[in-house]
Novice: 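Here it is: the structure, laid out below.
The residues of the chain are indexed from 1 along the displayed sequence.
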Amino acid sequence: MMFPLYQDGWFTFHFAEARIIPRFHLESVEAGRRVSVFKIDPGTGERLGLLTTATVGDGGWVDLSEPIIVRAGEAFVAVLEQAG
């Protein structure tokens, strides 16, 4: 059995085409974890502003109360809040 020595506490999403995002999936994240979603500069990764907060649901799916609208070339990051 292997355990990672380090795991990022965030997931970055980049888009080549404009999209409306009503939900997204976070691999291997347990239900009930809170996430903060920030718009970021796709080149630098700098956080540009909080878009929303949400809770991870069954199977790692995050359903948003209002969809995120992204344009081609834009990106956002979902940051997990500290557990416990």
Side-chain angles (χ1 to χ4, degrees):
M1 183 175 231
M2 289 181 24
F3 295 98
L5 295 176
Y6 175 80
Q7 183 173 3
D8 289 333
W10 64 88
F11 298 80
T12 304
F13 298 85
H14 292 269
F15 298 89
E17 299 175 358
R19 301 203 182 223
I20 298 173
I21 311 294
R23 68 190 303 217
F24 55 89
H25 187 253
L26 300 179
E27 187 69 34
S28 302
V29 177
E30 66 276 3
R33 289 286 301 267
R34 296 281 302 161
V35 294
S36 296
V37 182
F38 296 90
K39 181 177 182 176
I40 61 170
D41 180 296
T44 66
E46 176 185 1
R47 294 180 189 177
L48 301 175
L50 180 66
L51 296 172
T52 191
T53 58
T55 302
V56 178
D58 291 335
W61 285 99
V62 179
D63 291 303
L64 302 172
S65 58
E66 291 189 32
I68 296 171
I69 299 171
V70 293
R71 292 177 179 80
E74 290 185 341
F76 68 85
V77 62
V79 180
L80 297 172
E81 292 184 5
Q82 295 297 322

Novice: If I compare all heavy atoms of P42 with all of A75, which pair ends up nearest, and what's the gap?
Specialist: CB-CB, 4.2 Å
Novice: Determine the minimum heavy-atom distance between V70 and E74, stating which atoms define it.
Specialist: CA-OE1, 3.4 Å
Novice: Which of these passes side chain to side chain contact (heavy atoms under 4.5 Å, CB included) with V35: V62, V29, T53?
Specialist: V62
Novice: Supply the atom-to-atom distance I69 CD1 to K39 NZ, rounded to the nearest 0.5 angstrom.
Specialist: 11.0 Å
Novice: Report the distance from atom CD of E66 to atom CG of L51, rounding to the nearest 0.5 Å.
Specialist: 11.0 Å
Novice: If I compare all heavy atoms of A72 with all of A16, which pair ends up nearest, and what's the gap?
Specialist: CB-O, 3.3 Å
Novice: Considering non-hydrogen atoms only, spot the tightest contact between L80 and R33 and give its length.
Specialist: CB-NH2, 3.4 Å
Novice: Supply the atom-to-atom distance I68 CD1 to T52 OG1, rounded to the nearest 0.5 angstrom.
Specialist: 6.5 Å
Novice: In terms of hydrophobic clustering (I, L, V, M, F, W, Y; side-chain heavy atoms under 4.5 Å; direct or indirect links), are V79 and L50 co-clustered?
Specialist: yes
Novice: So, for F24 and F76, is the gap between ring centers shorter than 6.0 Å?
Specialist: yes
Novice: Closest heavy-atom contact between P67 and I20?
Specialist: CB-CG2, 3.5 Å
Novice: Over all heavy atoms of both residues, which pair between L26 and A78 is shortest? Give the atoms and the distance, please.
Specialist: CD2-CB, 4.3 Å
Novice: Could you go through F13 and I21, starting from their C-alpha distance and side-chain angles, then the distance that decides it, and tell me whether this counts as side chain to side chain contact (heavy atoms under 4.5 Å, CB included)?
Specialist: CA-CA 11 Å; F13 298 85; I21 311 294; over 6 Å; no
Novice: Fit a plane to each ring of H25 and W61, take the angle between them on a 0 to 90° scale, and name the class: parallel (under 30°), tilted (30 to 60°) or perpendicular (over 60°).
Specialist: tilted
